[in-house]
Amino acid sequence: MPNHDLIDQLASQLQMDEAEAGRMLSAYGGAMAAELLDAGRLSVRGLGSFRVVHSPSAKKSTSGGVVLTPPSNRLVHDFRLSGRDGAAALAVSRLSMKRDDAAGFARWLAGAAGDAVKNRRGIHLNGFGRFSVEQGSYRFTPEPSLEELLNCDYRGLQDVVIPGAGRVRGSRSGRLLPYALPALLLFVVAVSVAFYRSGGPGGKDALEALSFQASRLIGHSPVSQEHPRPAFAATSPRPAVPDSLLLEHGEYTIVLATFRQQATAERELIPLRTAGIVAYIWPASLDGLKYFRLMTGKFSSRSAAALRLKELPGKAAGDGYVQQVYKRVVLHGE
């Protein structure tokens, strides 16, 4: 196992047995993964810098049509340290170490890991990734489990091809040929299948993002032309919000936005209510990660919810989508 040398050094440094040192090193790898999922970046002296890079959904015209690629997140590593060394602070906040012990651990890690990297020796941080020589190059490779967590919102989504969606030459607006609308319907069905295979509400967010990209391809929407959405009115009187809202299994609601932090969701809730939209915060979790959705309304059918979504002010609706309720939930007004 590549980590034998590190475990021996750590056991000697902190005066503990090898089994306990091995558990500590493994726990630290998990702490690094948790920090990246929360903050999106991390610097550890001896190992380098890590950051999460988001690639939005994209479209590419090909001879066979237009290819829509779902969004994704990837972990980028640099052996150079970027910003302040976070090793000690991570040990305190994630592993509950005392500050003196955390400082000693950080010094040991900087020396031992730095020496291993310099001499191209293997390092495996459980739950985070490994440093090893691959194809003659020494590099960092994230754990598959970490990459899955980084992309849990887009799980199950794949590239979708809209066949025959070539652009009309000389058209500055970039509108598609007349048969783009049927192709768009085929696209929505295909991505819907991908979402339901994903089994998670995060996949729905990505589905709506891709559907929005598809609507941009045709350059217009018949509904939006006949019934233009009014501007978002932040000066409308704030409505009285009921103390609670009960959503039953099988009903439908409208999700307006999703956030990782509750404080952000609470802040974004205010302009919605000021604009006259009776909205609530709907907490949820996926694979141990918490997130907070802003939602409005309860409906007995998807079509009724979709009709209401079209009636919402443009800025308030944003990239909103219709979500079916999979279990009974009570949402509170304040």
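The first residue of the sequence shown is numbered 1, and numbering continues consecutively from there. The structure displayed is predicted, hence computed values, not measured ones.
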Legend entry - Residues Lys59, Val67; criterion side-chain contact (heavy atoms from CB on, under 4.5 Å); working and verdict: CA-CA 5 Å; Lys59 62 179 182 288; Val67 179; over 6 Å; no

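- Judged by distance alone, the side chain of Ser93 and the main-chain N or O of Ala89 form a donor-acceptor pair under 3.5 Å.
- A distance of 11.0 Å separates CE of Met295 from CG of Leu269, quoted to the nearest 0.5 Å.
- Across Ile123 and Ala116, no two heavy atoms sit closer than the pair CD1-CB, 3.6 Å.
- Under the 4.5 Å side-chain heavy-atom criterion for Ile, Leu, Val, Met, Phe, Trp and Tyr, Tyr138 and Leu81 are members of distinct hydrophobic clusters.
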Legend entry - Worked check of side-chain contact (heavy atoms from CB on, under 4.5 Å) between Leu125 and Arg130: CA-CA 6 Å; Leu125 297 172; Arg130 64 179 67 242; over 6 Å; no

Legend entry - Intermediate values then yes/no, salt bridge (charged side-chain N to carboxylate O under 4.0 Å, His left out), Arg94 and Asp38: CA-CA 12 Å; Arg94 299 285 182 180; Asp38 283 347; 2.9 Å; yes

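- Annotation for Asp85 and Arg45: closest pair OD1-N, 3.0 Å, computed over non-hydrogen atoms.
- For the pair Lys98 and Asp100, the salt-bridge criterion is not met [side-chain N within less than 4.0 Å of a carboxylate O].
- With sequence neighbours excluded, the residues satisfying side-chain contact (heavy atoms from CB on, under 4.5 Å) with Ser303 are Ser301.
- No donor-acceptor distance shorter than 3.5 angstrom exists from the side chain of Thr69 to the backbone of Ser57, with no hydrogens or angles considered.
- No close placement of the Tyr28 and Phe128 rings is indicated, their centers lying 6.0 Å or farther apart.
- In terms of hydrophobic clustering, with Ile, Leu, Val, Met, Phe, Trp and Tyr side chains grouped at heavy-atom distances under 4.5 Å, Val92 and Phe105 are assigned to different clusters.
- Side-chain atoms of Asp78 come within 3.5 Å of backbone atoms of Arg80 as a donor-acceptor pair (strictly under, hydrogens ignored).
- By the 4.5 Å heavy-atom criterion applied to side chains, Glu143 and His124 are counted as neighbours.
- The backbone N or O of Gly29 lies less than 3.5 Å from no partner atom in the side chain of Asn126, so there is not a single donor-acceptor pair.
- Within the 4.5 Å cutoff, side-chain heavy atoms of Pro313 are placed close to those of Ile277.
- Taking each heavy atom of Ala33 and Leu146 in turn, the nearest pair found is CB-CD1, 3.9 Å.
- Using bins of under 30°, 30° to 60° and over 60° for the plane-to-plane angle, the ring pair Phe79/His77 lands in the perpendicular bin.
- Judged purely by atom type and a 3.5 angstrom limit, Thr274 uses its side chain to pair as donor or acceptor with the backbone of Ile270.
- Remark: side-chain polar atoms of Lys60 are not paired, donor with acceptor, to backbone N or O of Val66 under 3.5 angstrom.
- Using the six-membered ring where Trp is involved, Phe131 and Phe140 have ring planes that are tilted, between 30° and 60° apart.
- The distance from the CD atom of Gln262 to the OG1 atom of Thr264 is 10.0 Å, given to the nearest 0.5 Å.
- In this structure the side chain of Glu248 never reaches within 4.5 angstrom of the side chain of Val325, judged on heavy atoms.
- A donor-acceptor contact under 3.5 angstrom links the side chains of Glu134 and Thr141, judged on distance only.
- More than 12 heavy atoms of other shown residues, nucleotides or ligands fall within 6.0 angstrom of atom NE2 in His54.
- Taking both residues in full, the closest heavy atoms of Ala265 and Leu294 are given as O-CD2, 3.5 Å, listed atom of the first, atom of the second, then distance.
- Rounded to the nearest 0.5 Å, atoms OG1 (Thr296) and CG (Leu309) are 10.0 Å apart.
- Annotation: Arg139, atom CZ; neighbour count of heavy atoms from other residues, nucleotides and ligands within 6.0 Å is above 12.
- Of the inter-residue distances, the one linking Leu36 atom CG with Leu150 atom CG reads 7.0 Å to the nearest 0.5 angstrom.
- For the pair Ile7/Leu10, no side-chain contact is recorded, criterion being any heavy-atom separation below 4.5 Å from C-beta on.
- Proximity of Val322 to Arg302: side-chain heavy atoms (C-beta onward) are separated by under 4.5 Å at one or more points.
- Taking Asp17 as the reference, Ala19, Glu20 meet the side-chain contact (heavy atoms from CB on, under 4.5 Å) condition, with sequence neighbours excluded.
- Transitive grouping of hydrophobic side chains (ILVMFWY, heavy atoms separated by less than 4.5 Å) brings Val278 and Leu245 into a common cluster.
- Here CG of Leu246 is found 8.5 Å from CG of Leu331. Values are rounded to the nearest 0.5 Å.
- Scanning for side-chain contact (heavy atoms from CB on, under 4.5 Å) contacts around Arg51 gives Arg41, Val53, Val76, with sequence neighbours left out.
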Legend entry - Pair Met24-Met97, side-chain contact (heavy atoms from CB on, under 4.5 Å): steps then yes or no: CA-CA 11 Å; Met24 176 176 289; Met97 281 191 186; 3.5 Å; yes

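- One finds the CD atom of Gln261 at 10.0 Å from the CZ atom of Arg267 (value rounded to the nearest 0.5 Å).
- Closest heavy-atom contact between Thr253 and Trp282: CG2-CZ3, 3.4 Å.
- Note on Trp108: it clusters hydrophobically with Met32, by side-chain heavy-atom contacts below 4.5 Å among ILVMFWY residues.
- Placement of Leu307 and Tyr252 in two distinct hydrophobic clusters is found when ILVMFWY residues are connected by side-chain heavy-atom separations under 4.5 Å, directly or transitively.
- Of the possible donor and acceptor atoms, one in the side chain of Asn151 sits under 3.5 Å from a partner among the backbone N and O of Glu147.
- The shortest heavy-atom contact between Arg84 and Ser43 is O-CB, 3.5 Å.
- Of the candidates Gln324, Glu251, Arg308, Arg308 is the only one forming a side-chain contact (heavy atoms from CB on, under 4.5 Å) with Phe299.
- Within the 4.5 Å cutoff, no side-chain heavy atoms of Thr258 are placed close to those of Phe292.
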Inset, instruction - Determine, step by step, whether Ile281 and Arg293 satisfy the side-chain contact (heavy atoms from CB on, under 4.5 Å) criterion, reporting the C-alpha distance in whole Å, the side-chain angles of both residues, the deciding distance to 0.1 Å, and the verdict. - result: CA-CA 6 Å; Ile281 295 177; Arg293 296 172 287 194; over 6 Å; no

